[in-house]
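In this chain, numbering begins with 1 at the start of the sequence shown. Computation of the quantities below employed the complete heavy-atom set of this structure, encompassing side-chain atoms and omitting hydrogens, waters and symmetry-equivalent molecules.
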Amino acid sequence: MTRPPTVSATGRLRAWAELLRVSALASVPGDALAGAAAAGARPGRGTLWAIGASLCLYEAGMALNDWADREEDAAERPHRPLPSGRITPAAALAASAALTATGLGLASRAGRPALTVATALATTVWAYDLGLKHTPAGPATMATARALDLLLGATATTHPQHHATHPRHRAFRSLPAAALLGAHTYAVTAVSRHETHGGSTRTPLAALAVTLTVAGTLSTRTPPSPPPGPPAPRPHPALPFPNPGPNPDPHSVRSHPGRPHLGSLLALAYARTPATLLLHAALNPSAALTERAVGGGIRATIPLQAALAARAGATGTALGLLGLVPLARALARKVSPT
């Protein structure tokens, strides 16, 4: 029987960083923040709980993914932490279970609706890793998980002036943003199915088409919908000028729409991040170029989230999310996000 190799403390930390793909973590907080913006509310305590839950469930999925694929990785990617013996399968599975429980616990602090969405998210993640990943339903399942992550932020964030707003309404208002994020995730996941062997030209081209479509949709400005609440009073017919109605709510991100050009600029930044890499992978469908295209798609999630926030009128959130881009690039140079 072969004994596992002795690993130093530094080596163990690096092994866990590889297993959990910490370089991709920067793409996670923007889901909840974009969901809060799409729901028409500023980030608050509930949003922080949602971000913490999202980070835990994301890492739970990473650990479970390698546990489920340990035999396949032993043949195709023996350098991964589990087949190389740096982390035991039991430890990876235990970490996934612990992270899932922690994520659900954090979501429960944001309220029952957020816990319901987080439970659906956790179920989707486990279903993907344990069975659906290698089926035709794999990309759609991963897209559903990412869309649910955005809806988690929407349901966890409450509007400071409209506490009575039902979380179902906030989730409904966030569905268009969740659909765009899900479409991007579907495209990246479809390409990732070829990153080990390469050989696909149509999939990167299809992903490029999806990217350009999402970017085009984000570039189309839509008037922000008013926050939930009683309708403004109608102008009095006897007044020479229309009644301006109540003062705009200073707490609503909708009352401070983003700059007219910011959403288009962020949409361009989003499309530019993976477009060249996807085109290269289509022209030369090698495993190396396909893997680079997948990494570019993961990094593009951050400008996509920023564009979604800007489209909802949350300029500050959008600009704040852009600050995560340098962090994601720095981490990707140390640990591969795929």
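Evaluation of the salt bridge (charged side-chain N to carboxylate O under 4.0 Å, His left out) rule for Asp149 yields no partner, not counting sequence neighbours. Evaluation of the side-chain contact (heavy atoms from CB on, under 4.5 Å) rule for Leu277 yields Arg292, Ala293, Arg299 as partners, not counting sequence neighbours. Applying the salt bridge (charged side-chain N to carboxylate O under 4.0 Å, His left out) test to Glu291 and every residue at least two apart in sequence or in another chain returns nothing. Residues meeting the salt bridge (charged side-chain N to carboxylate O under 4.0 Å, His left out) test with Arg329, sequence neighbours left out: none. Every residue meeting the side-chain contact (heavy atoms from CB on, under 4.5 Å) condition with Ala207, not counting sequence neighbours, appears here in chain and number order: Ala187, Val191, Leu278. Applying the side chain to side chain donor-acceptor pair (under 3.5 Å) test to Ser200 and every residue at least two apart in sequence or in another chain returns Thr203. With sequence neighbours excluded, no residue satisfies side chain to side chain donor-acceptor pair (under 3.5 Å) with Thr185. Looking at residues two or more places apart in sequence or on another chain, you find a salt bridge (charged side-chain N to carboxylate O under 4.0 Å, His left out) between Asp73 and Arg77. Listed by chain and residue number, nothing satisfies the side-chain contact (heavy atoms from CB on, under 4.5 Å) test with Leu48 (two or more places apart in sequence, or in another chain). Taking Thr135 as the reference, Leu132, Ala137 meet the side-chain contact (heavy atoms from CB on, under 4.5 Å) condition, with sequence neighbours excluded.
Using a distance-only test at 3.5 Å, with no hydrogens or angles considered, a donor-acceptor pair links the side chain of Arg193 to the main chain of Lys133. Distance alone, capped at 3.5 Å, places no donor-acceptor pair between the Thr273 side chain and the Gly296 backbone. Judged by distance alone, the side chain of Gln305 and the main-chain N or O of Ser27 form a donor-acceptor pair under 3.5 Å. Checked by atom type and distance alone, the side chain of Thr220 pairs as donor or acceptor with a backbone atom of Gly216 at under 3.5 Å. The closest donor-acceptor contact from the side chain of Arg80 to the backbone of Ala74 lies at 3.5 Å or more, if one exists at all. For Arg170 (side chain) and Ala154 (main-chain N/O), a donor-acceptor pair under 3.5 Å exists by modelled atom type. In this structure, the side chain of Arg86 engages the main chain of His79 through a donor-acceptor pair within 3.5 Å.
Contact of the Trp49 side chain with the Leu115 side chain is not registered, since no non-hydrogen atoms from C-beta on lie closer than 4.5 Å. Counting only heavy atoms from C-beta outward, the side chains of Ser54 and Leu152 approach each other to under 4.5 Å. Looking only at side-chain heavy atoms (C-beta outward), Tyr186 and Val210 stay at 4.5 Å or farther from each other. Side-chain contact check for His134 versus Asp69: some heavy-atom pair is nearer than 4.5 Å. Side-chain atoms of Pro337 and Arg21, non-hydrogen and from C-beta on, never get closer than 4.5 Å to each other. For the pair Leu181 and Leu304, the minimum side-chain heavy-atom distance is below 4.5 Å.
Considering every non-hydrogen atom in both Leu130 and Ala68, the closest pair reads CD2-CB, 4.4 Å. A pairwise comparison of heavy atoms in Gly44 and Thr157 identifies N-CG2, 4.4 Å as the closest pair. Across Ala171 and Thr155, no two heavy atoms sit closer than the pair CB-CG2, 3.9 Å. Scanning all heavy atoms of the two residues, the minimum distance from Ala309 to Thr317 falls at CB-CG2, 3.9 Å. Across all non-hydrogen atoms, the minimal contact from Ala122 to Leu57 is CB-CD2, 4.0 Å. Here the shortest heavy-atom pairing between Ala183 and Val214 reads CB-CG2, 4.2 Å.
Here side chain to side chain donor-acceptor pair (under 3.5 Å) pairs that include residues 98-127, with residues two or more places apart or in two chains, are Thr100-Trp126. Among pairs with a residue in residues 269-321, those fulfilling ring-ring contact (aromatic ring centres under 6.0 Å, His included) read His184-Tyr270, at least two apart in sequence or across chains.
We find the CZ-OG1 distance between Arg45 and Thr158 to be 10.0 Å, quoted to the nearest 0.5 Å. Here Asn284 contributes atom CG and Leu279 contributes atom CG; the two are 11.0 Å apart, rounded to the nearest 0.5 Å. Atom OH of Tyr58 and atom CG of Asp31 lie 9.0 Å apart (nearest 0.5 Å). Distance CZ/Arg12 to CG/Leu19: 14.5 Å, rounded to 0.5 Å. Taken from CG in Leu205 to OG1 in Thr201, the straight-line distance is 7.0 Å, to the nearest 0.5 Å. With values rounded to the nearest 0.5 angstrom, Leu121 atom CG is found 11.5 Å from Leu150 atom CG.
Within 6.0 Å of CD on Glu71 lie no more than 12 heavy atoms contributed by other residues, nucleotides or ligands.
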Please assess Leu33 against Leu321 for the test side chain to side chain contact (heavy atoms under 4.5 Å, CB included), listing each intermediate value before the final yes or no. CA-CA 9 Å; Leu33 291 171; Leu321 284 172; 3.7 Å; yes

I'd like to know whether Leu266 forms a side chain to side chain contact (heavy atoms under 4.5 Å, CB included) with Leu322, so could you lay out the CA-CA distance, the side-chain angles of the two residues, the decisive distance to 0.1 Å, and finally the verdict. CA-CA 9 Å; Leu266 291 174; Leu322 290 181; 3.5 Å; yes

Apply the test side chain to side chain contact (heavy atoms under 4.5 Å, CB included) to residues Arg311 and Thr217: give CA-CA distance (whole Å), side-chain angles for both, the deciding distance (0.1 Å), then the verdict. CA-CA 10 Å; Arg311 191 169 187 256; Thr217 303; 4.2 Å; yes

Could you walk me through whether Leu25 and Leu20 pass side chain to side chain contact (heavy atoms under 4.5 Å, CB included), step by step? CA-CA 9 Å; Leu25 274 180; Leu20 300 177; over 6 Å; no

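The hydrophobic cluster containing Ile87 does not contain Leu13, counting ILVMFWY residues as joined when their side-chain heavy atoms lie under 4.5 angstrom apart, directly or transitively. Residue Ile51 is grouped with residue Val28 when hydrophobic side chains (ILVMFWY) are merged at heavy-atom distances under 4.5 angstrom, including chains of intermediate members. Residues Val325 and Leu331 share a single hydrophobic cluster, defined by chaining ILVMFWY side chains whose heavy atoms lie under 4.5 Å apart. One hydrophobic cluster holds both Val188 and Leu208 under the rule that ILVMFWY side chains link at heavy-atom gaps under 4.5 Å. Leu268 and Leu212 are not part of a single hydrophobic cluster, where members link through side-chain heavy atoms under 4.5 Å apart.
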